[in-house]
A.B. asks: 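Let me begin by handing over the structure; questions about it come next.
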Amino acid sequence: MSRAIYPGSFDPVTVGHLNIIERAAPIFEKLIVCVMVNSDKHPMFTPQERVDMIKEVTAHLPNVEVHYSDRLLADFAKENGCTVVVKGLRAVSDFEHEFQMALINRKLNPSLDTMFLTAEHQFMFLSSSAVKELGRYDADISDLLPPQIIPRFQKRRTETSGG
Ligand code: ADP
């Protein structure tokens with residue numbers, strides 16, 4: 001059994017992310033969910049806040065650890081003994097970028113494989129940025145985020161919209 005890493009921005013963690021975590025965790029001895037900090041210059045939540053939220057919604061999964069990193073994924077994986085990168089694939093549009101990333105990561109760290117899990121059909125449209133966009137218009141996001149995350153999301157939304 002090996003250790004895997006599931007990287008992303010998780011700004012914030014959605015039910016789509018949680019679905020991937022719940023399906024990947026039983027496959028590995030340990031699954032490290034890693035908040036990668038440099039990908040979005042204007043995040044809604046700090047890396048620590050994102051880590052705390054993921055910890056909260058994965059508390060029922062004993063082999064899941066949550067970290068954040070501003071380093072190269074390939075290096076972080078090597079240092080943490082991870083041999084597999086887990087990615088969620090929503091549509092063909094995700095594939096090209098993810099395929100390129102998988103090849104780059106393997107070039108940087110030849111012992112690293114990427115495993116793709118297909119999104120559940122009901123989450124195929126779901127991304128953190130879509131939730132943030134809907135939030136801006138005060139649309140109903142109650143079945144898109146884990147219930148524990150909703151009060152924090154609504155609080156931050158009103159703080160940042162000035163009302
Ligand atoms: P996003 O901001 O688009 O939600 P992230 O960088 O946080 O993206 O996503 C981290 C990983 O989770 C990526 O592999 C992404 O493809 C996957 N992912 C995101 N949303 C979903 C979903 N609804 N279903 C399956 N996988 C997903």
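Whatever order the structure lists ligands and atoms in, that order sets their numbers, starting from 1.
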A.B. asks: Please determine whether a side-chain nitrogen of the Lys or Arg among R152 and E56 lies less than 4.0 Å from a carboxylate oxygen of the Asp or Glu.
C.D. replies: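 Result for this pair is yes, salt bridge flagged.
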
A.B. asks: Could an N or O of ligand 1 be found under 3.5 Å from any N or O of T14, whether backbone or side chain?
C.D. replies: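 T14 vs ligand 1: no N/O contact under 3.5 Å.
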
A.B. asks: Enter the distance from N109:CG to C82:SG here, rounded to the nearest 0.5 Å.
C.D. replies: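 Between N109 CG and C82 SG, I get 10.0 Å after rounding to 0.5 Å.
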
A.B. asks: Short list, please: which atoms of ligand 1 are under 4.0 Å from a heavy atom of I20?
C.D. replies: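 Going through ligand 1 atom by atom, the ones under 4.0 Å from I20 are 25 (C), 26 (N).
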
A.B. asks: Do the side chains of E29 and R3 get close enough for a salt bridge, i.e. N-O under 4.0 angstrom?
C.D. replies: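 The answer is no: the pair does not qualify as a salt bridge.
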
A.B. asks: Can you list every salt bridge (charged side-chain N to carboxylate O under 4.0 Å, His left out) pair that touches residues 115-127, not counting sequence neighbours?
C.D. replies: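 For residues 115-127, and leaving out neighbouring residues, there are no salt bridge (charged side-chain N to carboxylate O under 4.0 Å, His left out) pairs at all.
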
A.B. asks: When you compare the side chain of V35 with that of S69, does any pair of heavy atoms fall below 4.5 Å?
C.D. replies: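 No. Closest side-chain heavy atoms not under 4.5 Å.
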
A.B. asks: Show the atoms of ligand 1 that are less than 4.0 angstrom away from any heavy atom in F123.
C.D. replies: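 Those atoms are 22 (C), 23 (N).
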
A.B. asks: Using a 3.5 Å cut-off on N or O atoms only, is D11 in polar contact with ligand 1?
C.D. replies: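 Between D11 and ligand 1, no N or O pair is found under 3.5 Å apart.
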
A.B. asks: When Ile, Leu, Val, Met, Phe, Trp and Tyr are grouped by side-chain heavy atoms lying under 4.5 Å apart, directly or through other members, which residues fall in the same group as L103?
C.D. replies: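 L103 clusters with L89, F95, F99, F116.
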
A.B. asks: Would you call D94-K87 a salt bridge at under 4.0 Å N-O?
C.D. replies: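 Between K87 and D94 there is no salt bridge, as every charged N stays at least 4.0 Å from the carboxylate O atoms.
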
A.B. asks: Out of all atoms in ligand 1, which are within 4.0 Å of some heavy atom of P7? Include the element for each.
C.D. replies: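 Taking each heavy atom of P7 in turn, ligand 1 has 10 (C), 11 (C) under 4.0 Å.
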
A.B. asks: Hey, is the main chain of F76 close enough, under 3.5 Å, to the side chain of N80 for a donor-acceptor pair?
C.D. replies: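 The answer is yes, because a donor-acceptor pair under 3.5 Å joins these two groups.
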
A.B. asks: Counting from 1, what ligand 1 atoms have a heavy atom of K87 closer than 4.0 Å?
C.D. replies: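 Contacts of ligand 1 toward K87, numbered from 1: 14 (O).
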
A.B. asks: With a cut-off of 4.0 Å, which atoms of ligand 1 are near a heavy atom of S128?
C.D. replies: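 The atoms of ligand 1 under 4.0 Å from a heavy atom of S128 are 1 (P), 2 (O), 4 (O).
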
A.B. asks: List ligand 1 atoms under 4.0 Å from S127, heavy atoms only on the residue side.
C.D. replies: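 Near S127, the atoms of ligand 1 are 3 (O), 4 (O).
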
A.B. asks: With heavy-atom distances below 4.0 Å as the criterion, list the atoms of ligand 1 near A119.
C.D. replies: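 Numbered from 1, ligand 1 contributes 24 (N), 25 (C).
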
A.B. asks: Indicate, as side chain, backbone, both or neither, the part of M36 found under 4.0 angstrom from ligand 1 when only non-hydrogen atoms are considered.
C.D. replies: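 Within the 4.0 Å criterion, M36 makes no contact with ligand 1.
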
A.B. asks: Give a yes or no on whether a salt bridge exists between E49 and R156, defined as a side-chain N under 4.0 angstrom from a carboxylate O.
C.D. replies: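 Between R156 and E49 there is a salt bridge, with a charged N closer than 4.0 Å to a carboxylate O.
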
A.B. asks: If you measure from atom 13 (C) of ligand 1 to every heavy atom of G8, S129, C34, G88, which option wins on shortest distance?
C.D. replies: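 Among G8, S129, C34, G88, the closest heavy atom to atom 13 (C) of ligand 1 belongs to G88.
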
A.B. asks: Does an N or O from L126, backbone or side chain, lie closer than 3.5 Å to an N or O of ligand 1?
C.D. replies: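 There is such a contact, yes.
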
A.B. asks: Which ligand 1 atoms does F10 reach within 4.0 Å, using its non-hydrogen atoms?
C.D. replies: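 In order of numbering, the contacting atoms are 7 (O).
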
A.B. asks: Compute the minimum heavy-atom distance from F125 to ligand 1 and say whether it is under 4.0 Å.
C.D. replies: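 No; F125 lies far enough from ligand 1 that no heavy-atom distance drops under 4.0 Å.
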
